[in-house]
Structure formats: structure tokens, C-alpha cells
Amino acid sequence: MEISVEVKNLKKWFWTGRSALGKKEAVRAVDDVSFHINKKEVLGLVGESGCGKTTCGKLILRILDPTGGSIYFDGCDITNLNRKEMLKIRKNMMIIYQDPFGSLDPRMTIGSAIAEPMAVHKTTRKSEREDRVITIMKKVGLTTDQKNRYPHEFSGGQRQRIGIARALATNPEFIVADESVSALDVSIQAQIINLLQDLQKELGLTLLFIAHDLSVIKHISDRVAVMYLGKIVEMALKSDLFDNPEHPYTGALLSAIPVPDPGLRKKRKILMGDVPSPINPPSGCRFHPRCPQRMEICDKEIPVLKETSSGHSVACHLY
Amino acid sequence: MMRRFINNKSALFGLVILIILILSALMAGFIAPNSPTPSPPDLHNSLKPGFWSKDGIQGMPLGTDALGRCVLSRIIFGTRVSLSAGLVAVGIAMILGIMLGVIGGYFGGWVDSVIMRFVDIMFAFPALLLAIVIVAVIGHGLDKAMIAIGIVYTPQMARIIRSSVLYIKEMEYIEVQKAIGSSNLRIIFRHVIPNSIAPVIVYGTLMLATAILDCAALGFLGLGAQPPTPEWGAMLARSYSYIVSGAWWAATFPGLAILLSVLSLNLLGDGLRDTLDPRLKT
Ligand SMILES: Nc1ncnc2c1ncn2[C@@H]1O[C@H](COP(=O)(O)OP(=O)(O)OP(=O)(O)O)[C@@H](O)[C@H]1O
Ligand code: SF4
Ligand SMILES: [Mg+2]
């Protein structure tokens with residue numbers, strides 16, 4: 001299988017204002033993360049709010065510059081490409097933003113917004129852009145008479161479709177879909193996920209699908225990576241992960257998914273406490289203050305991500 | 001939004017006055033009963049009173065000035081001079097201010113620091129004083145006065161734009177453009193400027209009022225419009241000495257014209273600000 005995107009030891013530290021002691025502090029938003037996504041595969045990235053999912057996606061697209069590590073796209077190292085060199089690649093990698101309200105220019109008609117990537121990359125001749133905009137709009141379930149309207153005239157779900165249409169404009173091979181649905185109603189979430197899933201199959205897209213709960217990711221992903229406080233704690237094929245979660249954090253996330261049949265309901269593992277701050281992450285295993293299976297070693301040594309069975313990796317001292 | 005504006009009585013009043021002023025500027029040739037600059041001057045009819053007095057002349061409702069010219073006609077033609085001078089000055093300030101403000105705000109770093117230091121220095125001087133200095137350097141005349149006032153107002157514009165750009169450039173839709181690969185120039189012209197321009201319209205209106213006032217002040221000091229141009233400030237300057245001898249009209253009416261235009265623009269500007277951004281209401 002060909003690899004589309006790969007990151008190795010990726011790090012992003014944000015330097016924040018000074019602490020009380022006058023030292024500059026780093027938010028370790030992404031801290032030594034490695035994974036790859038195969039071509040035409042959907043990798044689901046889950047974790048609680050603030051664990052670094054969006055940062056991870058933006059690093060891959062080089063919207064943010066990494067503090068360390070490297071990024072490969074289609075086998076090329078793009079970590080240090082400059083703006084001009086990146087431009088050639090950008091038409092093949094797009095992003096759909098978390099917030100369908102903030103990611104559209106309020107003073108630009110949606111037709112122009114969707115045409116923007118084509119205009120920037122000159123992928124479509126000017127005379128044909130109009131046609132392509134209409135084709136894509138139909139594809140994502142918008143009607144063509146909406147082309148000359150402004151974003152504020154649309155509902156959240158429709159705006160998300162506009163964002164998807166814009167991301168598809170240049171026929172990219174890789175798309176980061178950042179919690180594309182969490183701002184929406186559950187029923188509309190389902191519609192958008194189905195749409196993304198259909199488009200992914202039809203167009204053979206490689207997708208990094210970011211969300212903060214496993215139920216959203218369940219249907220669309222081929223593989224799932226679970227993130228906690230800037231680190232990946234478990235990564236596996238979807239079926240493996242759902243049937244046989246190894247990391248205690250994954251187990252807790254899974255039991256948080258509502259089960260329709262009460263008879264099937266397992267004993268819920270409730271997560272205690274809040275997510276600690278990424279400024280001073282807990283020593284050893286970052287999950288140890290909340291882990292029900294904590295051991296002696298857990299707050300002393302950082303567990304490394306290791307393969308427990310083919311394609312299933314976990315970072316926990318239990319394994 | 002329209003309703004909120006219409007409910008604002010004083011803004012509406014400002015708008016009505018402004019429309020009257022604009023109309024008289026556009027149609028001065030039709031409205032004015034006489035020529036603003038008759039030649040040769042009719043010195044026999046120097047400083048004749050208007051309709052309120054028996055000594056008035058038929059067809060000169062606001063009386064005549066020292067050179068026997070119709071005060072009303074000169075005021076009407078003066079509207080054209082003052083409004084266009086104000087507009088040109090504010091236009092210059094907008095173009096320069098948008099350039100500086102956008103470059104500083106968008107790119108930040110040392111470019112921004114240099115621009116802002118420059119702006120701070122200009123702010124240290126009173127506007128009119130600075131305008132006088134510039135006119136002293138580049139020469140007298142209405143056109144020079146407009147340029148001088150435009151330059152003097154640039155820092156204020158630059159600051160307004162900059163703060164608005166600083167806010168807009170953090171928006172997610174700007175980041176999207178970067179992710180798409182848009183060039184900075186494209187982002188600035190297609191996204192940053194259109195979204196930062198709203199406060200410029202408001203402050204532009206308010207600035208137009210002070211620009212007209214400053215233009216009149218330069219005219220009054222003899223540094224702006226030169227005779228025989230019917231400019232309000234210059235008219236005031238050449239007539240105020242006659243007030244003591246009882247010929248109050250030649251100076252008072254141009255003064256009222258200045259007052260009215262400045263007032264209407266201020267009311268309108270305040271109204272626009274309240275309408276476009278109710279949060280700014282004080
Ligand atoms: N520009 C920034 N400057 C400083 N800190 C930042 C910045 N962007 C993100 N962070 C911090 O980095 C951490 C990870 O943020 P990120 O947005 O990647 O989280 P996330 O997993 O996407 O969360 P959510 O589910 O809420 O979207 C957070 O603690 C956040 O506060
Ligand atoms: S390493 Fe220890 S604390 Fe961390 S998840 Fe595993 S058992 Fe829990
Ligand atoms: Mg996020």
C-alpha cells in the first residue's frame with residue numbers, strides 16, 4: 001500500500017507569555033507524534049478538546065511550522081519547503097475547518113469562495129471555473145442558485161457543505177477534515193459524515209478525520225489514532241480498536257459512547273478529573289493521574305508506542 | 001440596520017443637510033442667483049445688506065461682500081470648493097492610511113514598528129500646525145492645502161485601519177486562504193481590505209468634517225484657496241474686519257455654512273458608527 005502522508009517525531013510547542021517566575025512557558029500541543037496515512041485511507045484522530053488534534057492537522061498542511069520532526073507528503077519531505085515550493089503542493093492538500101462560521105469570508109459570495117482555490121492554483125481555466133463551481137456545489141448538495149449568496153444566509157450544515165466544496169475545488173488527494181461536524185446538530189452531523197464518506201469513496205480521497213468522540217469516527221474511519229495531551233496513545237484498525245481497546249484511555253472513550261440497548265451496556269468507565277494542562281504535563285505516562293489501572297512505574301517512565309499485534313500499537317506500561 | 005439608522009433622528013438630520021449641501025455643490029450654477037466671481041467687481045454695491053434691510057439690493061438675498069459680490073452665490077459655489085477639497089483630502093488620507101495600516105498590521109514585525117513610530121511622531125503635533133508647516137514647504141493654494149491636510153490625516157487613518165487589520169488577520173478565513181496557498185497580495189486585496197474597511201467609512205465621514213474645517217482654516221490664513229475662489233474660510237478672512245463697521249453678513253454666513261456642514265457630517269458619522277457597530281456606542 002502506498003503511503004500518502006507520514007509524520008515522524010512531529011512536535012509543536014507554542015511559546016506563551018511568561019509565568020509568575022518570569023520564565024517563558026511552552027504549551028506542548030503536539031509532542032513527538034509519528035504516524036502515517038495510506039493512500040485512499042481514512043485515519044480518524046480522536047481525543048479530548050485541547051489534546052492537539054487541530055495543531056497536528058495544521059502541521060501536516062504546513063499552516064503551522066513544526067518545532068521538530070518531519071512531514072512527508074507523497075514520499076517527499078515537505079518539512080522545510082518554503083512558501084513558493086509549498087504552493088505547488090497545496091493544491092493537493094486541503095482543509096475543512098472545525099468552525100463553519102469562521103472559515104468563510106463574510107464578504108465573499110460562496111461561488112467566489114469555492115472558486116478561490118482554482119483561481120489561486122489556476123487548475124481550471126477562467127471560463128470553466130463557473131461550470132466547475134456548479135458541478136461541485138451539486139456534488140455536495142447545494143443548489144446552484146445559492147452561488148451568489150453570502151455566508152450569513154446559510155445554516156451551519158450548509159456552510160459546512162460550502163467548506164467541503166471549497167476543499168474539493170482543486171481535486172486534492174488529501175484532506176484534513178477538522179471536527180467538521182462537532183458544531184452541528186446530531187442529525188446534520190450524520191448527513192455531513194455520510195457526504196464526506198461518499199465523496200471519499202467516489203474521489204478516492206485520503207482523509208485525516210479529526211473528532212473528539214469515537215462515535216463520530218466509527219463509521220468513516222479505516223484506522224483510528226487516539227491522542228492524549230499531545231501524544232498518540234493508541235493506533236489500530238478501526239475494528240481492532242473498537243473490539244479490543246488496549247489503552248485505558250481508549251477504553252474510557254469507548255465506554256462514553258452511548259449504547260442503544262441497555263442490556264448491552266457494559267460497566268461504564270468514567271473518566272475522573274480534567275485534562276491536565278499541556279504546559280506542565282504529568283510525568284511518566286501523561287494519563288496516569290486519571291488512569292484506573294495505574295502502576296508503580298507509570299509516573300516515572302514515559303511509555304513508548306509499541307506494536308502489540310500487527311497494525312495495533314499502544315503506549316502503556318500494561319503491555 | 002436601515003431602520004436603526006432612520007430611527008436615529010440626529011443622523012437623519014445630518015444626512016438631510018448633507019444631501020442639500022451636495023445638491024447645491026452639484027447644481028451651484030442653477031441655484032445661485034448671481035455669479036460668484038463677477039468681473040469687474042461692482043464696487044458701488046460694496047457691503048450692501050440682504051433681504052432684512054431696506055438698503056438691500058434686489059437679487060442679493062444675503063447681501064454683498066466688500067467687492068460687491070453676492071454672498072449667497074459665493075456660499076453656494078463655496079460648497080463645491082469645500083466639499084471637494086474635504087473629499088480629496090480625506091481620499092488622500094484614506095489611500096495613504098490604508099497602505100500604511102494594512103502593510104503594518106498585516107506583516108507586523110519591524111515594518112510595523114517603523115510605520116507606527118512615524119505615525120506617533122506625526123501625532124505629536126496638532127493637525128493644523130502640521131498642515132501649515134507642510135503648506136509652507138510645498139507652497140500655497142487650494143490644491144496644496146488639500147494635499148497637506150490629506151497627509152496630516154494619514155496617521156489617524158493608518159491607525160484605524162491597522163487595528164482593524166490586526167483583528168481581521170486572526171480570522172479563520174484568512175488562515176484558510178493561507179492553507180489554500182493564496183499570495184499575501186491576494187489575501188490583502190480580496191479578504192483583508194474588504195473586511196477592514198467598515199470603520200474607515202465611519203471615520204472618513206467624521207474626518208471629512210474636520211478636513212473641511214481645516215481647509216477653511218488654511219483658507220482663512222491665506223494659505224489655502226486664493227482669491228477670487230469662493231472658499232468659505234477665505235471669505236470669512238476677507239470679511240471679518242467689516243463686522244465692527246456693522247457689515248456682519250459677509251462674514252457670518254460663510255461661518256454658518258462651515259458650521260452647518262461640519263455639524264451635519266459629525267451627526268451623520270456618529271449615526272453611521274452607531275448603526276454599523278452598536279458596540280462602539282458611547
Ligand atoms: N496559536 C496558539 N498559541 C498558543 N497555544 C495554542 C495555539 N493553538 C493551540 N494552542 C494550544 O495547544 C493545545 C492544542 O490545541 P488544539 O487546537 O490542537 O487542540 P484540539 O485537539 O484541536 O482541541 P479541540 O477539540 O478543542 O479543537 C491547546 O492547549 C491550545 O490551547
Ligand atoms: S501507562 Fe500506566 S498510567 Fe498510563 S495508561 Fe498505562 S497503566 Fe495507565
Ligand atoms: Mg481543534
Side-chain angles (χ1 to χ4, degrees), chain A residues 54 57-65 81-110 112-123 150-152 159 162-164 166-170 172 174-176 178 183, chain B residues 1-5 94 98 101-103 105-111 160-204 272-273 275-280:
Chain A
T54 301
K58 288 182 183 173
L59 285 170
I60 295 173
L61 300 184
R62 291 286 316 277
I63 301 171
L64 293 173
D65 285 322
L81 295 190
N82 62 28
R83 213 186 151 108
K84 219 173 187 173
E85 294 163 327
M86 266 318 284
L87 184 59
K88 291 185 208 124
I89 298 170
R90 290 207 183 278
K91 65 170 172 286
N92 289 322
M93 40 171 27
M94 287 286 161
I95 181 166
I96 303 166
Y97 268 84
Q98 191 163 18
D99 173 15
F101 295 91
S103 56
L104 291 166
D105 185 337
R107 292 188 193 265
M108 186 171 253
T109 63
I110 65 155
S112 317
I114 296 170
E116 273 286 282
M118 297 186 240
V120 169
H121 292 288
K122 304 187 176 63
T123 46
Y150 288 89
H152 72 263
R159 288 192 218 196
I162 299 166
I164 294 172
R166 172 170 61 187
L168 292 176
T170 54
F174 172 62
I175 291 181
V176 174
D178 187 3
Chain B
M1 199 164 98
M2 224 31 228
R3 165 118 34 88
R4 196 158 34 164
F5 184 79
M94 274 193 189
I98 289 176
V102 166
I103 293 172
Y106 186 79
F107 292 104
W110 67 267
V111 186
I160 292 162
I161 299 272
R162 176 175 174 271
S163 66
S164 155
V165 168
L166 283 179
Y167 174 71
I168 295 296
K169 81 165 181 183
E170 298 302 325
M171 295 282 112
E172 211 161 48
Y173 55 82
I174 301 296
E175 195 180 274
V176 174
Q177 296 308 319
K178 289 183 188 158
I180 287 173
S182 299
S183 62
N184 282 326
L185 223 55
R186 188 182 179 88
I187 296 178
I188 287 174
F189 281 104
R190 278 177 74 86
H191 302 280
V192 174
I193 293 182
N195 282 291
S196 323
I197 215 82
V200 173
I201 294 166
V202 173
Y203 286 98
L272 279 177
R273 184 181 54 197
T275 314
L276 292 177
D277 193 352
R279 280 168 307 164
L280 288 176

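Throughout, protein chains are lettered first and strands after them, A, B, ... in sequence-line order, and every chain is numbered starting at 1. In this text, all values refer to a predicted model and were calculated from it rather than measured experimentally.
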Grab the two heavy atoms, one from [X] and one from [Y], that are nearest each other, plus how far apart they are.
X: B:Ser182; Y: A:Arg83; value: O-NH2, 3.1 Å
X: B:Ala179; Y: A:Ile95; value: CB-CG2, 3.8 Å
X: B:Gly181; Y: A:Leu87; value: O-CD1, 3.1 Å

Task: A:Leu104 versus chain B, the contacting section by heavy-atom distance below 4.5 Å - done: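 When you check distances to chain B, only backbone atoms of A:Leu104 fall under 4.5 Å.
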Task: Residue selection (most heavy-atom pairs with chain B, distance under 4.5 Å) from A:Met108, A:Met93, A:Arg107, A:His121 - done: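 The candidate making the most pairs under 4.5 Å is A:Arg107.
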Task: Non-neighbouring partners of B:Glu175 that pass side chain to side chain donor-acceptor pair (under 3.5 Å), sequence neighbours left out - done: A:Lys58, A:Tyr97
TODO: Have a look at B:Ile180 and tell me which of A:Arg166, A:Arg90, A:Met118 forms a side-chain contact (heavy atoms from CB on, under 4.5 Å) with it.
DONE: A:Arg166
